[in-house]
Undergrad: 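Take this structure, written in structure tokens, and hold onto it; I'll ask about it next.
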Amino acid sequence: MKWWCFAQPGTAWTWQWQPLIGVWLAMVLLIWVYQRVLSRIDDSYESSRLRKSRRAAFALAIFLLWASLDWPLGPLGASYLASVHMVQFLAVGIAAPALLLLALPGAAYEPLRRYPRLIKALSDLTHPVSAFVIFNIMMTATHWPGVVDLLMPTQLGSFVLDAAWMLGGLLFWWPLIVPVPERPGFHSLGKIAYLALNAFLIRPPFAMMIFSASPIYAIYELAPPPARDALNDQQLAGAVMKIGIAWIMFAGVLVIFRNWMLLESDRPESA
Amino acid sequence: MEVPILKPDLVLTDTEGSFYDLRAETDGYLSLVFFGYTNCPDVCPVHMATLAGVFDELAPEVRDAMKVIFVSTDPERDTPDRLRQWLSAYHPSFLGLRGEMETINAALAEMKLPGVAVVPGQHGSEPIIGHPSAVLVFGRDGLARVRYPFGVRRADWINDLPLLLGESS
């Protein structure tokens, strides 16, 4: 019985369905936690439309996580195709964390204020500069060939990589989405710059994937078909990473810009 | 390898249906000899894809001095057309050879490689052919000093082949 998808070098790919119990349990746990948090807060101050949007964001996050980690994308990305691995990264490490944070109303984060030490730690960790640095270090480390080849062949190692993606993504989006701790100095323009910088930044793994003359990951280079050429697949992975991140960041910029304009239009004009 | 292996005296049939004398045809070339089959789900496609990638990265003078030879361990299913089509999908210069299983097993034994084992398919699936997973590299002098197991990466091949070519000149 498998708990989490992992790389199995030299093993032929099969379209025979295989259950990944850990993935299902993780989804059930997330749904349970979400329901529990919602049951403990009063979010009636938000419009019905906003509440529905938050639930839809949560459902989409769960779908993205489940679809990218369960069979067939899970095993394909863990063991056979670097390009699928990168789609998983976009889902688990970028899109799903943003949706999960958006899925909770502001009131859900208020209880955090009861713990001053936690607020202090969050204040430091989710400061835009530290979030930017930590996210990019984590992203580079979790795509570094030696790290990927070392961790992916075990279920625990593969889980650690996915968990690191998720934590890195939550940290990255926190200063943009979560109202606790408050950051009055982090203006919409700053938020747009934060996202734009991440969209255009050339990270070492991307450069290696695109410009290396040989495949950089042993697990994908030595994986049996469906990939016929590991180098082409790796270059596709690099393109997916770059274009995917840029599009998600661009979507974030659009949302922030729209909210900023709405805020400006609601502000009473001074005489 | 502690003791170099002499290129076997092997005459097989190529994908055009002509006789192919391994020693005579590869004399003076660096020859990469691999035994496998086109329906192989794991080792063969990986080796062929790796070597195809290596071929494209080598300097023309190294590439011209090399031959990649794939000997089928499943001559029944690997028809000449099927073999040619499969190899060309990786690299058009790769040679495909077929022959009687007795001849192939004798050559494998001569090269100190395990023989071919046919495992019948279960529940109507295709049979699995057990075959050596190593690639034997014969120098220009007809001697193999290195056996490359499954798992050798493209970068290692690109590093080693020019050296092997130089050593055996």
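Remember, predicted model here, so these are calculated numbers, not experimental data. Chain A is the first sequence line, chain B the second, and so forth, proteins listed ahead of strands; every chain is numbered from 1.
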Undergrad: Within a 6.0 Å radius of atom CD on Glu61(B), are there more than 12 heavy atoms belonging to other residues, nucleotides or ligands?
TA: yes
Undergrad: So for atom OH, which belongs to Tyr29(B), do other residues, nucleotides or ligands contribute more than 12 heavy atoms lying within a distance under 6.0 Å?
TA: no
Undergrad: When rounded to the nearest 0.5 angstrom, what is the spacing between CZ in Arg153(B) and OG in Ser214(A)?
TA: 8.5 Å
Undergrad: Around atom CH2 of Trp24(A), are there more than 12 heavy atoms of other residues, nucleotides or ligands at under 6.0 Å?
TA: yes
Undergrad: Out of Ala52(B), Ala49(B), Pro41(B), which one racks up the most heavy-atom pairs below 4.5 Å with chain A?
TA: Pro41(B)
Undergrad: What do you reckon, is CH2 of Trp86(B) surrounded by more than 12 foreign heavy atoms closer than 6.0 Å?
TA: yes
Undergrad: Give a yes or no on whether the backbone of Ile216(A) and the side-chain of Arg154(B) come within a donor-acceptor separation of less than 3.5 Å.
TA: no
Undergrad: CD of Gln18(A): more than 12 outside heavy atoms within 6.0 angstrom?
TA: yes
Undergrad: If you tally heavy-atom pairs under 4.5 Å against chain B, which of Ala218(A), Ala223(A), Pro225(A), Ala230(A) wins?
TA: Ala218(A)
Undergrad: Can you say whether Val152(B) sits under 4.5 Å from chain A via the side chain, the backbone, both, or neither, judging by heavy atoms?
TA: backbone
